[in-house]
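Following: one structure in structure tokens, then a few remarks.
Each chain gets a letter, A, B and so on, in the order the sequences are listed, and its residues count up from 1. These numbers were taken from a predicted model, which means no experiment stands behind them.
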Protein chains: 2
Amino acid sequence: MTVMETTGTRTDICAAPPQQNRRPDGEDRYTISEVVAFTGLTAHTLRWYERIGLMPHIDRSHTGQRRYSNRDLDWLDLVGKLRLTGMPVADMVRYAELVREGDHTYVERFELLRTTREDVLARIDELRGTLAVLDRKISFYADAGHALASERSR
Amino acid sequence: MTVMETTGTRTDICAAPPQQNRRPDGEDRYTISEVVAFTGLTAHTLRWYERIGLMPHIDRSHTGQRRYSNRDLDWLDLVGKLRLTGMPVADMVRYAELVREGDHTYVERFELLRTTREDVLARIDELRGTLAVLDRKISFYADAGHALASERSR
DNA sequence: TAGAACCTTGGAGTGCGCTCCAAGCAAGCG
DNA sequence: CGCTTGCTTGGAGCGCACTCCAAGGTTCTA
């Protein structure tokens, strides 16, 4: 039972002010455990991302151990943000493929970003609707002294 | 292969202006397929919600078929909203239990609603952060004519 | 130089939220 | 009456996104 995990709730990782404990040196060859510390992802997940093609092939040391670059960390930042929107991993893999395929996929990438943007706007709107419902319910609970409150709000 | 499904994308169900095609009559004893039409959930899911305790025991016809009330539909509305926030089903079941247990769970319910509200606010903020990243990337793509665009934004 | 801590791989396992199945009962229609 | 359509149940199955395992090689610290 190795240690790992236990760092952060995995959902608010990217909510923290960026560039906080990242890029601690000017170096460009981070070990997997350093990347775990920076991103809050597990080593398992990092290797899995690579296997499924969500990451480019990560550079290796002479003995075959992963050495992540700043560019890789930038990519993980983007992936983290997209993950927060609920975008399926398969879609992110698709985007990664487009990037690997080169400049001629420019238009498709652009479209993908724009539809994702629309999705995010829609999700924010949904959440605002939910917030309104919660606020109504909360003020109902706050008002009704607790005397006759048995879930008949609205 | 029965029909069902195919109605709506399931994510924007509750985003539609409420009271739209709901409560079509003054009646209070909707069949499961009517509820499927109103909510966009599948009949499978509705039965499953009941099995796991996310719904109260639904009233039955003399032959044992479910007859949903307007109150049940209200509850499904709330569940739909909470689902959009990413709240785990187990937590919603917990809330449902509190409601069933009666008035003395008032404080706990209130707290649950308030923490959920905070979570929603946090999620909206995360999404706004993602939106900012997407906007930066999109304007990068828009500017760089497509000539030398090979994923080196930021 | 020993030992702990860390890294590698392919493949199997897990938890969540559904999703479907089989077998059978009930209601409406030509 | 037979047929179609819709409903019932418990339990099995599925897709996603990880999560972990076993067996072994590497790197760091004392």
Side-chain angles (χ1 to χ4, degrees), chain A residues 1-11 13 27 29-55 57-68 76 79-96, chain B residues 1-11 13 29-55 57-68 72 76 79-80 82-94 96:
Chain A
M1 209 174 269
T2 43
V3 187
M4 55 188 62
E5 219 56 27
T6 52
T7 22
T9 46
R10 173 172 312 116
T11 9
I13 288 151
E27 282 302 333
R29 294 178 64 74
Y30 311 103
T31 66
I32 199 165
S33 60
E34 285 174 311
V35 178
V36 164
F38 302 159
T39 64
L41 297 167
T42 70
H44 295 304
T45 302
L46 287 169
R47 294 193 199 101
W48 179 67
Y49 278 0
E50 201 178 330
R51 266 196 283 185
I52 65 174
L54 183 50
M55 295 290 296
H57 261 302
I58 302 299
D59 201 22
R60 303 301 167 116
S61 74
H62 68 106
T63 56
Q65 298 195 349
R66 287 171 182 79
R67 295 294 179 260
Y68 290 80
L76 280 171
V79 166
K81 296 279 189 206
L82 292 179
R83 206 173 36 136
L84 288 176
T85 71
M87 179 187 268
V89 166
D91 290 6
M92 291 191 264
V93 171
R94 174 71 188 137
Y95 184 72
Chain B
M1 211 173 267
T2 43
V3 186
M4 53 191 62
E5 220 58 26
T6 52
T7 21
T9 45
R10 175 174 309 115
T11 12
I13 287 152
R29 295 180 62 75
Y30 311 103
T31 65
I32 199 166
S33 61
E34 284 173 312
V35 178
V36 164
F38 301 160
T39 65
L41 298 167
T42 71
H44 295 305
T45 302
L46 287 169
R47 295 193 199 99
W48 179 67
Y49 278 1
E50 202 178 330
R51 266 196 283 186
I52 64 174
L54 183 52
M55 294 291 296
H57 261 303
I58 301 299
D59 201 22
R60 302 303 167 115
S61 73
H62 69 105
T63 54
Q65 297 195 350
R66 286 170 181 78
R67 293 294 179 263
Y68 289 82
D72 295 327
L76 280 171
V79 165
L82 292 178
R83 208 172 35 134
L84 289 176
T85 71
M87 178 187 269
V89 165
D91 289 7
M92 291 191 264
V93 171
R94 174 72 188 135

From CG of B:Leu54 over to C1' of C:dG17, roughly how many Å is that when rounded to an integer?
11 Å
Could you run down the sub-3.5 Å N/O contacts of the protein with nucleotides 23-28 of chain C?
none

Report all interatomic pairs (protein N or O, nucleotide N or O of nucleotides 9-12 of chain D) with separations under 3.5 Å.
unit_1	atom_1	unit_2	atom_2	d
D:dT9	OP1	B:Arg60	NH1	3.2
D:dT9	OP2	B:Arg66	NH1	2.8
D:dT9	OP2	B:Arg66	NH2	2.6
D:dG11	N7	B:Arg51	NH1	2.9
D:dG11	O6	B:Arg51	NH2	3.0

side-chain hydrogen bond (donor to acceptor under 3.5 Å, both in side chains) involving A:Thr45 - partner list, sequence neighbours excluded:
A:Thr42
Taken to the nearest 0.5 Å, the spacing of B:Arg29 CZ from B:Glu34 CD works out to 11.5 Å
Tell me the interatomic distance from A:His44, atom NE2, to D:dT19, atom P, rounded to whole angstroms.
9 Å
Using atom CD of A:Glu34 as one end and atom P of D:dT27 as the other, report the distance to the nearest whole Å.
14 Å
For B:Glu50, check side chain to side chain contact (heavy atoms under 4.5 Å, CB included) against everything at least two apart and list the hits.
B:Met55, B:His57, B:Ile58, B:Arg60, B:Arg66, B:Tyr68
Whole-Å distance between D:dC7 P and B:Leu46 CG?
11 Å
Might you list the N or O atoms of the protein lying below 3.5 Å from N or O atoms in nucleotides 14-17 of chain D, with each pair's distance?
unit_1	atom_1	unit_2	atom_2	d
D:dA17	OP1	A:Val89	N	3.3
D:dA17	OP2	A:Val89	N	3.4

Under the rule for side chain to side chain contact (heavy atoms under 4.5 Å, CB included), what residues qualify as partners of B:Ser33, not counting sequence neighbours?
B:Thr31
Euclidean distance, A:His62 NE2 relative to A:Arg67 CZ, rounded to 0.5 Å
8.0 Å
Please give me the minimum heavy-atom distance between B:Gly53 and B:Ala96, naming the atom from each residue.
O-CB, 3.6 Å
Remember a base hit wins even if backbone is also touched, and classify B:Thr31 as base, sugar-phosphate or nothing at under 4.0 Å, heavy atoms.
sugar-phosphate
Output for pair (B:Met92 CE, B:Ile52 CD1), nearest 0.5 Å, gives 8.0 Å
Terminal axes of the helix from C:dT1-D:dA30 to C:dG30-D:dC1 (5 end pairs apiece), angle rounded to 10 degrees, sit apart by 10°
Sub-3.5 Å pairs of nitrogen or oxygen atoms, protein against nucleotides 2-4 of chain D:
none

For A:Asp91, enumerate each residue passing the side chain to side chain contact (heavy atoms under 4.5 Å, CB included) test, keeping only those at least two apart in sequence or located in another chain.
A:Met87, A:Pro88
Worked verdict on B:Leu76 versus B:Tyr49 for side-chain contact (heavy atoms from CB on, under 4.5 Å)
CA-CA 10 Å; B:Leu76 280 171; B:Tyr49 278 1; 4.1 Å; yes
Looking only at non-hydrogen atoms, find the nearest pair between B:Leu41 and B:Val36 and report the distance.
O-CG1, 3.4 Å
